[in-house]
Amino acid sequence: MTARQAYESLVAHSRESADLGAALSLLSWDQQVMLPPAAHPGRAAQIGALTAILHRRATDPRLGEWLAACEADAPREPGTPEAANIREWRRDFDLAVKIPEDLAVALARAASAGQRAWEFARKENDFKAFAPHLQELLELSRRKAEAIGYAGEAYDALLDTYEPGETAASVAPILAELRDASKALLEAVKDAPAPKPLPAGPYPVAAQQALLADITSLLGLPPDASRLDVSAHPFSTLIGPGDARITVRYDAADFTKALFGAVHETGHALYSLGHDSGDGRHGTPMGEFASLGVHESQSRLWENQVARSLPFWEHVLPLAVARFPALSGLSPEELFAAVSAIRPGLIRVDADETTYNPHIVLRFELELALVRGDLAVADLPGAWNEKSREILGLAAPRDAEGCLQDVHWSMGAFGYFPTYSLGNVYAACLFEAARAALPGLDAAMAAGSFRPLLDWLRANIHEKGRLSRPRDLIAAATGESPTAGPLIRHLQAKAKAVYGL
Ligand code: ZN
């Protein structure tokens with residue numbers, strides 16, 4: 001077999017797996033959005049069957065032979081899409097075969113049982129009921145890290161599966177810088193008058209739906225290639241080419257919850273739709289997202305840098321007033337200030353832009369200690385509150401609002417949290433670079449034109465797929481290695497505008 005034939009075999013295999021993966025995504029979307037309650041056990045079996053088929057395909061020994069044939073061929077120009085595909089197929093294949101089947105099955109079972117136990121434990125505020133599951137997931141995750149291998153420490157192997165190239169040592173200084181900047185900003189605004197909250201409504205759900213349809217298509221989400229539905233936990237999923245689906249949750253007392261949720265998920269959807277520019281990269285690594293951090297940078301950029309900006313509200317406020325008379329009389333400045341208020345709280349998913357990253361620091365330090373074996377599972381609630389007081393200045397009165405608030409650890413997702421802060425950091429780096437590259441961007445947004453920004457993101461991030469590792473991808477787009485600087489400048493500028501510092 002020639003290297004060319006091997007490469008074509010890899011493309012065909014990869015694409016078929018992607019199409020089977022699309023069927024899996026559709027089953028899962030349907031489960032969360034449409035499925036009648038009695039159909040859940042059957043659906044779990046269907047999802048399990050497809051997942052097993054996909055796992056078998058990912059570890060197919062022929063992949064190893066095809067890859068070896070490609071790699072033995074004259075080295076391809078590094079940095080070309082073909083070279084990137086081969087490198088990323090190798091990464092995926094090695095990762096899949098390194099984890100023994102019995103461990104993969106044990107992890108999947110423990111994650112499913114862990115999630116059910118966590119739901120119960122959170123509802124009943126009963127950490128002890130969840131602790132044995134957390135213990136098991138931790139032990140299995142350590143085994144997974146050993147199976148994958150690492151240069152520094154076990155945590156690095158887990159983090160690398162979400163964010164290629166990152167380690168505990170590489171993310172720690174960024175997180176510490178964000179924690180300190182957030183603390184300084186909180187201190188600076190503590191005596192300043194808080195922005196006026198928005199009127200209490202009413203914000204009828206039908207009117208919210210209509211406004212979201214306007215806004216998502218204004219931002220560039222094509223109505224003929226997307227859907228907007230309702231689910232208990234908002235999410236975004238790409239079913240396949242030309243089929244990006246997002247969900248939201250409506251609150252009739254606060255239209256901004258669904259609005260920022262929809263804009264966030266629209267950011268994810270625009271990224272997913274942007275991989276495929278119709279040149280056959282669908283189903284290959286070049287047609288996939290680079291990392292969780294890069295995915296989150298796209299949702300956060302549209303949510304925070306765009307939809308929590310004054311130019312955005314200059315254009316959108318009249319659209320909102322037309323749907324909600326309660327907002328009439330408000331200025332764009334007042335709306336911008338209300339959605340940019342700094343309000344420290346216990347719950348990560350409700351956190352504002354400034355206090356969000358310290359929530360990640362808290363989780364990162366605790367999960368690192370758990371994986372290292374420096375913190376016993378039984379001691380987690382106490383350690384959580386101690387660190388929470390130190391980092392956020394708050395302690396949770398109940399574990400349900402403390403160490404039991406997030407689903408991630410119950411699924412064995414250790415090393416996932418830092419990708420949220422990396423997403424925030426990358427979003428700010430990209431937006432600063434886009435603003436420099438697109439003079440008049442603010443004026444364009446105030447006039448309702450978001451196309452120049454989307455086109456810039458398409459060319460610099462979306463169409464690059466997995467061409468390079470996340471940090472290199474951001475560096476190539478912005479012209480410099482990513483740092484926390486742009487995000488800190490963004491937060492400082494907002495505090496200045498909103499609190500008049
Ligand atoms: Zn997201």
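Both ligands and their constituent atoms are indexed starting at 1 by order of listing.
- Shown here are the side chain to side chain contact (heavy atoms under 4.5 Å, CB included) partners of A52, two or more places apart in sequence or in another chain: R56.
- Look at R245 and D243 and you find a salt bridge, because one of the NZ, NE, NH1 or NH2 atoms lies within 4.0 Å of a carboxylate O, short of that distance.
- Applying ring-ring contact (aromatic ring centres under 6.0 Å, His included) to F289 and the options H275, H462, H268, H295 leaves one that passes, H295.
- Of all protein N, O or S atoms, those under 2.8 Å from the Zn ion (ligand 1) number 3.
- Salt-bridge formation is detected for the pair D160/R91: a Lys NZ or Arg NE/NH1/NH2 atom is positioned less than 4.0 Å from an Asp or Glu carboxylate oxygen.
- Between E303 and S299, the side chains place no donor N or O within less than 3.5 Å of an acceptor N or O (distance only, hydrogens not considered).
- Just one of T237, T216, D229, V263 meets the side-chain contact (heavy atoms from CB on, under 4.5 Å) condition when paired with I246; it is T216.
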